[in-house]
Amino acid sequence: MTMAGLSIFDISGRAMSAQLVRLNTTASNLANAGSVASSEAEAYKARKPIFETYFDQANGGASATVDVVDVVSAGGTPVKRYDPGHPMADKDGYIYEAAVDQTQEMVELLEASRQYQNNVEVIQTAKSLMLNTLKLGQ
């Protein structure tokens with residue numbers, strides 16, 4: 001069950017870790033959807049993780065997994081809305097709402113959750129195969 005220095009558990013574990021970052025950033029985006037600020041600079045911007053393929057050099061890069069290298073702001077420009085009665089309105093009466101597409105974020109959440117679950121299944125299958133292999137010797 002070892003692929004070029006990285007075991008199947010290492011590969012799936014790293015992928016699960018990356019998906020967990022993705023789940024957390026998506027949850028943060030959803031939590032801040034609809035939030036308002038008094039300036040465009042202060043408005044919440046959606047965040048997205050940047051993934052990078054990690055090649056295991058122990059076997060010439062024959063096996064790979066994924067790492068999160070950064071989390072960046074990836075949202076569009078905040079929505080400028082005229083609401084002079086709002087306590088956070090600027091001097092011109094505008095507030096700035098976070099540009100978070102809730103539908104897109106929900107799709108992202110479901111996809112990341114499913115990929116996390118797939119890696120859990122990989123680990124469970126590998127564990128089961130190893131246990132069955134050990135039972136052959138009895």
Side-chain angles (χ1 to χ4, degrees):
M1 294 283 163
T2 299
M3 293 179 57
L6 285 175
S7 74
I8 192 74
F9 299 107
D10 293 330
I11 293 169
S12 288
R14 289 174 87 147
M16 287 171 63
S17 178
Q19 292 306 321
L20 186 59
V21 171
R22 187 175 171 200
L23 285 166
N24 286 334
T25 56
T26 303
S28 177
N29 292 342
L30 284 169
N32 286 289
S35 65
V36 295
S38 57
S39 73
E40 187 174 339
E42 294 174 0
Y44 180 82
K45 293 170 185 62
R47 306 199 26 97
K48 301 288 181 196
I50 303 294
F51 298 109
E52 181 177 71
T53 304
Y54 169 78
F55 293 98
D56 184 21
Q57 299 305 318
N59 193 14
S63 64
T65 188
V66 66
D67 283 329
V68 176
V69 292
D70 200 7
V71 177
V72 297
S73 294
T77 57
V79 178
K80 183 178 179 180
R81 192 174 63 204
Y82 185 70
D83 189 358
H86 194 282
M88 295 192 77
D90 65 9
K91 63 179 171 42
D92 298 324
Y94 289 98
I95 58 172
Y96 299 84
E97 187 175 338
V100 175
D101 183 350
Q102 293 179 359
T103 304
Q104 180 183 350
E105 294 299 329
M106 284 302 296
V107 170
E108 185 84 10
L109 189 68
L110 291 171
E111 184 180 324
S113 174
R114 184 64 183 139
Q115 290 183 11
Y116 186 92
Q117 184 180 13
N118 287 343
N119 280 293
V120 169
E121 290 177 21
V122 166
I123 289 174
Q124 289 174 339
T125 300
K127 179 182 164 189
S128 175
L129 288 171
M130 292 175 109
L131 289 173
N132 287 338
T133 302
L134 288 173
K135 288 179 185 176
L136 288 175
Q138 294 178 350

Sort and list the pairs that fulfil salt bridge (charged side-chain N to carboxylate O under 4.0 Å, His left out) and have at least one residue in [range], not counting sequence neighbours.
range: residues 83-99; value: Arg81-Glu97
range: residues 125-137; value: none
range: residues 34-52; value: Lys48-Glu105

- Message: Just to verify, what does Ala33 make a side-chain contact (heavy atoms from CB on, under 4.5 Å) with, not counting sequence neighbours?
- Response: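 Expected list: Val100, Gln102.
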
query: Residues in side-chain contact (heavy atoms from CB on, under 4.5 Å) with Thr53, at least two apart?
result: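 So Thr53 forms a side-chain contact (heavy atoms from CB on, under 4.5 Å) with Phe55, Ala64.
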
* Rest of the hydrophobic cluster containing Phe51 (Ile/Leu/Val/Met/Phe/Trp/Tyr, side-chain heavy atoms under 4.5 Å)? ->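 Other cluster members: Val21, Val66, Val68, Val71.
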
| Which ILVMFWY residues can you reach from Val72 by hopping between side chains whose heavy atoms are under 4.5 Å apart? |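 Ile50, Val69, listed by chain and number.
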
Can you list every pair that meets ring-ring contact (aromatic ring centres under 6.0 Å, His included) and has a residue in residues 69-91, with sequence neighbours left out?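 Sorted pair list: Tyr82-Tyr94.
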
| task | Just jot down the side-chain hydrogen bond (donor to acceptor under 3.5 Å, both in side chains) partners of Gln104, sequence neighbours excluded, or say none. | result |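 So Gln104 forms no side-chain hydrogen bond (donor to acceptor under 3.5 Å, both in side chains) with any residue.
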
Original post:
Any chain of hydrophobic side-chain contacts (each under 4.5 Å) joining Ile123 to Val120?
Top reply: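 In one cluster: yes.
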
By ring-ring contact (aromatic ring centres under 6.0 Å, His included) - contacts of Tyr44 (at least two apart) |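 None.
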
For residues 11-19, which side-chain N or O atoms pair as donor and acceptor with protein atoms under 3.5 Å away, sequence neighbours left out?
residue, atom, partner, partner atom, Å
Ser12, OG, Ile8, O, 3.4
Arg14, NE, Asp67, OD1, 3.2
Arg14, NH2, Asp67, OD1, 2.8
Arg14, NH2, Asp67, OD2, 2.7
Gln19, OE1, Arg22, NH1, 3.1
Gln19, NE2, Gln115, OE1, 3.0

